[in-house]
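Throughout, protein chains are lettered first and strands after them, A, B, ... in sequence-line order, and every chain is numbered starting at 1. Source: prediction; values computed, not measured.
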Amino acid sequence: MINITLPDGSVRQYESGTTSMQIALSISEGLARNVLAAEVNGEVWDADRAIDTDATVSLLTWNDTKGKATFWHSSAHLMAEALEALYPGTKFGIGPAIETGFYYDVDFGDRDFSSDDFKQIETKMLELAKTKSRYERIPVSKAEAETYFTEKDDEYKLDLIKDLEDGYITFYKQGNFTDLCRGPHIPNTGFIKAVKLTNVAGAYWRGDESRKQLTRIYGVTFPKQSELSEYVKMIEEAKKRDHRKLGKELELFTFSEKVGMGLPMWLPKGAALREKLSNFLQRAQLKAGYEQVITPHIGHKNLYVTSGHYEKYGADSFQPIKTPQEGEEFLLKPMNCPHHCELYKFKPRSYKDLPVRFAEFGTVYRYEQSGELHGLTRVRGFTQDDAHLFCRPDQVKDEFKKVIDLVLYVFTALGFDDYTAQVSLRDPENKTKYIGSDHNWQLAEAAIIEAAEEKGLKTVVELGEAAFYGPKLDFMVKDALGRKWQLGTIQVDYNLPERFELEYTGSDNAKHRPVMIHRAPFGSLERFIAVLIEHCAGNFPLWLTPEQFIILPISEKYEEYAKKVLESLNNSDIRGLIDLRDEKIGRKIRDAEMKKVPYMLIIGEKEVADGVVSIRKHGAGDLGSMGVEEFRDKLITEITV
RNA sequence: GCCGAUGUAGCUCAGCGGUAGAGCACUUCCUUGGUAAGGAAGAGGUCAUGGGUUCAAGUCCCAUCAUUGGCUCCA
């Protein structure tokens with residue numbers, strides 16, 4: 001007999017060789033019907049794999065992330081089976097589960113493939129799913145594995161096998177399809193009830209540009225048809241909220257081929273929104289002891305040679321511009337920190353002056369590969385809400401915690417309440433990628449980890465994700481549709497102060513080196529606004545909306561009164577317009593609704609007579625009438641929360 | 001940068017070998033209308049750019065540019 005510990009802490013006894021499925025059955029039949037796999041001593045196993053020692057077991061269903069991953073990975077095998085049945089001779093690379101769904105990299109040889117073929121594959125997959133074929137785990141020797149795929153002439157699988165250790169290799173077979181696979185898998189294909197292939201793309205074998213490009217087919221599957229419908233609805237909603245579409249419709253920003261790709265231009269309404277956003281942060285920063293600075297858009301090449309960025313990124317950047325006479329080289333600034341270091345050096349600093357906090361909405365330019373540009377989220381020119389904090393080593397952790405507070409304040413004010421913090425550390429295997437001493441790295445990494453811990457942040461640690469000059473803490477927010485975005489960042493840097501030979505005089509009257517913290521709560525205004533647009537579907541918080549109200553006179557007879565109302569409402573905090581077009585009120589309301597204007601003020605005979613305005617709220621309808629003063633107070637209260 | 005898709009009026013799109021289409025927006029006129037589209041008329045395009053095939057090219061082929069889905073990259 002063996003002891004099985006379940007997630008609730010209870011221990012049950014089973015015969016050795018019991019499977020997770022049998023354990024599930026012993027609990028309830030309903031549970032057994034939904035079990036996809038099981039986590040056995042921290043490792044995900046097939047539900048029908050025999051357990052022969054004491055173990056901690058948690059049964060995985062569709063509601064567990066790991067259950068979903070198993071489901072999708074098994075779906076990748078099902079797709080492969082369909083592909084092999086439909087297109088004999090297809091060779092297979094890898095087919096993992098991803099955050100939503102799965103993909104399989106395949107080599108069709110000379111065959112053309114496009115999304116037009118999806119329908120056929122989906123149909124075949126569903127047909128194969130109905131056979132309820134078991135996913136059978138078959139341990140094989142390395143030699144057997146090689147023989148099988150040599151016969152199949154699949155060089156990709158052979159390439160994978162090469163790196164595997166004999167004795168730990170398994171095949172999985174369902175129906176007529178056998179694949180090299182570590183597993184685990186769901187019990188049988190019958191669990192897969194709904195299938196949708198989403199897109200095709202090229203992907204290099206093992207992500208290596210010098211190797212052959214395979215066709216990557218993405219798909220997603222569900223245990224219920226209704227879940228697929230929900231998923232499709234979610235995709236449609238995401239399309240509706242796409243910031244590129246809304247940016248155009250709401251006249252926020254635009255791009256021009258003539259100006260250059262990846263260089264966003266802000267239209268009046270977008271500029272107004274952006275202005276409000278930066279003023280908001282600037283106020284918060286002034287309160288937190290930051291000082292605003294301004295630096296030029298270009299910097300001498302030597303500045304970046306000193307900072308180390310030239311060596312690291314020089315070749316992949318916009319190339320230097322030269323002065324015509326002397327041939328001096330200047331670079332468009334790709335970041336603000338070197339400029340700020342020079343500002344720090346303006347005068348000798350005492351330990352009493354620290355921390356010094358320089359903030360700047362600095363526009364920077366980076367050469368991004370053309371294929372990488374995307375709306376406002378990936379551009380070649382953008383404005384960072386940048387600041388650099390120069391502090392004593394003993395202040396680092398405290399400063400770091402203050403920055404965390406500021407970032408969270410910003411997120412909360414803008415309605416992002418679901419976030420996690422990612423601690424990005426050095427890749428311990430590959431230290432040559434980074435600059436700076438081991439000692440400093442250890443100090444910095446410890447400071448970040450402790451600060452995050454003391455602030456009680458929900459964190460994940462990622463090795464190898466650090467910047468080349470220091471570790472960082474990145475904030476990932478989840479938007480209204482549950483999509484994850486990386487926004488704010490805080491980075492500790494012991495390197496630049498070294499390179500720029502920054503100093504302060506300590507209480508011991510000796511020279512010391514300050515530590516630098518880079519931080520940007522928004523990251524970049526462009527990216528942040530893009531995420532904000534999608535998060536709120538273009539319905540911005542009232543205080544950010546470029547046009548907070550619009551006055552809609554019922555006919556031109558009330559134009560004069562409407563103008564008077566506008567005059568008494570417009571001030572530096574509230575802005576609105578009048579719709580004076582020769583249109584009926586229904587039309588004016590419709591257009592204002594489409595433009596997502598928060599408040600519509602309707603003015604007709606009644607309102608003029610009573611000296612009031614009739615209020616209609618976007619998305620909510622008629623609110624009745626009120627005096628102009630009353631409405632103004634209401635707006636002001638609402639924007640100053 | 002690499003692979004695939006796309007590029008027709010300000011916007012959304014139809015047309016896919018035989019002399020350019022729709023809806024919305026725009027202009028003018030009529031209408032002065034009470035909570036999500038009042039009516040009529042008009043104007044607007046070297047069909048991304050450059051080559052080629054053809055009696056004839058938005059329509060087929062090639063190249064370039066841009067957009068886009070991925071890959072790789074991201075100070």
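The local environment of CD in Q120(A) is crowded, with over 12 non-hydrogen atoms from other residues, nucleotides or ligands closer than 6.0 Å.
Between the side chain of R366(A) and the base of C74(B), no donor-acceptor pair under 3.5 Å is found.
Distance, L303(A) CG to A75(B) P: 18 Å, rounded to whole Å. If you measure from atom CD of E465(A) to atom P of A75(B), you get 9 Å, rounded to the nearest angstrom. In this structure, L373(A) places its CG atom 14 Å from P of G70(B), rounding to the nearest Å. The separation between L376(A) atom CG and C74(B) atom C1' is 17 Å, rounded to whole Å. One can place CD1 of I217(A) at 19 Å from P of C3(B), the figure rounded to the nearest angstrom. Distance, E257(A) CD to U64(B) C1': 12 Å, rounded to whole Å. What separates CG of N199(A) from P of U6(B) is a distance of 15 Å, to the nearest Å. The nearest whole Å value for the distance from the CD atom in E560(A) to the P atom in U32(B) is 21 Å.
One P atom belongs to G18(B), the other to G58(B), and the distance between them is 10 Å to the nearest Å. Nucleotides G42(B) and G50(B) have their C1' atoms positioned 36 Å apart, rounded to a whole Å. Taking the P atoms as reference points, U6(B) lies 10 Å from C61(B), given to the whole Å. Separating the P atom of C47(B) from that of G51(B) is a span of 13 Å, rounded to the nearest Å. For U46(B) and U8(B), the P atoms lie 13 Å apart once the distance is rounded to whole Å. Spacing between U28(B) and A36(B) at atom C1', rounded to whole Å, works out to 26 Å. For the P atoms, the distance linking G10(B) with G45(B) amounts to 8 Å, nearest Å.
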**OP:** Give the C-alpha distance, both sets of side-chain angles, the deciding distance and a yes or no for ring-ring contact (aromatic ring centres under 6.0 Å, His included) between Y87(A) and F108(A).
**Re:** CA-CA 8 Å; Y87(A) 318 116; F108(A) 285 119; 5.6 Å; yes

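Listed nucleotides C11(B), G69(B), C74(B) differ in distance to R244(A); the shortest reach to its side chain belongs to G69(B). The side chain of A201(A) lies closest to G69(B), out of C74(B), A66(B), G69(B).
Among the heavy atoms of the strands, none lies under 4.0 Å from R206(A). Nucleic acid contact class of Y218(A) (heavy atoms, under 4.0 Å, all strands): sugar-phosphate only. Residue contacts for S317(A): at a heavy-atom cut-off of 4.0 Å it reaches a base atom on one of the strands shown. Residue contacts for Q369(A): at a heavy-atom cut-off of 4.0 Å it reaches a base atom on one of the strands shown. Nucleic acid contact for M261(A): sugar-phosphate only, since backbone atoms but no base atoms lie under 4.0 Å from a heavy atom of the residue. Across all strands, H374(A) comes closer than 4.0 Å only to sugar-phosphate atoms, never to a base (heavy-atom distances).
With respect to E155(A) and K91(A), a salt bridge is recorded, a charged nitrogen being found less than 4.0 Å from a carboxylate O. Ion pairing of K119(A) with E122(A) is present here, as a side-chain N (NZ or NE/NH1/NH2) and a carboxylate O approach within less than 4.0 Å.
Here the side chain of Q548(A) pairs a donor or acceptor atom with the backbone of L542(A) at under 3.5 angstrom.
Within residues 232-241 of chain A, no residue places a heavy atom under 4.0 Å from RNA chain B. Only at 4.0 angstrom or more do the heavy atoms of residues 487-498 of chain A sit from any atom of RNA chain B, so none qualifies. Using a 4.0 Å cut-off on heavy atoms, none of the residues of residues 91-107 of chain A approach RNA chain B.
Between H388(A) and N336(A), the side chains place no donor N or O within less than 3.5 Å of an acceptor N or O (distance only, hydrogens not considered).
Relative orientation of the H297(A) and Y365(A) rings is tilted, given thresholds of 30° and 60° on the angle between their planes. The aromatic rings of Y367(A) and F318(A) lie perpendicular to each other, with more than 60° between the two planes, well past the 30° mark.
The CG atom of D610(A) sits 7.0 Å away from the OG atom of S625(A) when rounded to the nearest 0.5 Å.
Here H340(A) and F390(A) keep their ring centres 6.0 angstrom or further from each other. Residues Y469(A) and Y434(A) keep their aromatic ring centres 6.0 Å or farther apart.
Using a 5.5 Å limit on the distance between ring centres and a 30° limit on the angle between planes, the aromatic ring of Y469(A) does not count as stacked on the six-membered base ring of A75(B).
None of R206(A), R216(A), K157(A), K212(A) except one satisfies the salt bridge (Lys or Arg N to Asp or Glu O under 4.0 Å) rule with D105(A); the exception is R216(A). With D242(A) as the partner, the salt bridge (Lys or Arg N to Asp or Glu O under 4.0 Å) test is satisfied by one option alone out of K239(A), K240(A), K245(A), R244(A): R244(A).
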Original post:
How would nucleotides 33-42 of chain B be written as a contact map, 5' to 3', with B for base contact, S for sugar-phosphate-only contact and - for no contact, using protein heavy atoms under 4.0 Å?
Top reply: BBBBBB----

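At C71(B), none of the side-chain N or O atoms of Y204(A) fall inside 4.0 Å of OP1 or OP2 (strictly under the cut-off). Applying the 4.0 Å criterion to OP1 and OP2 of C2(B), one finds that R211(A) has every side-chain N and O outside that range.
In terms of position on RNA chain B, the residue among Y313(A) and R216(A) whose nearest nucleotide sits closer to the 5' end is R216(A).
Evaluation of the ring pair (Phe, Tyr, Trp, His ring centres under 6.0 Å) test over residues 232-264 of chain A, restricted to residues two or more places apart or in two chains, returns F253(A)-W266(A).
Cation-pi geometry between R211(A) and Y204(A) is not met: the NZ or CZ atom fails to fall both under 6.0 Å from the ring centre and inside 45° of the normal.
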Mind listing the side-chain donor-acceptor pairs of residues 593-604 of chain A below 3.5 Å, one per line with the distance, residues two or more places apart or on another chain?
from: E593(A); atom 1: OE1; to: H618(A); atom 2: ND1; distance (Å): 3.0
from: E593(A); atom 1: OE1; to: G619(A); atom 2: N; distance (Å): 3.2
from: E593(A); atom 1: OE2; to: R616(A); atom 2: NE; distance (Å): 2.9
from: E593(A); atom 1: OE2; to: R616(A); atom 2: NH2; distance (Å): 3.1
from: K596(A); atom 1: NZ; to: A537(A); atom 2: O; distance (Å): 3.4
from: Y599(A); atom 1: OH; to: K617(A); atom 2: NZ; distance (Å): 3.2
from: Y599(A); atom 1: OH; to: E638(A); atom 2: OE1; distance (Å): 2.6
from: Y599(A); atom 1: OH; to: E638(A); atom 2: OE2; distance (Å): 3.2

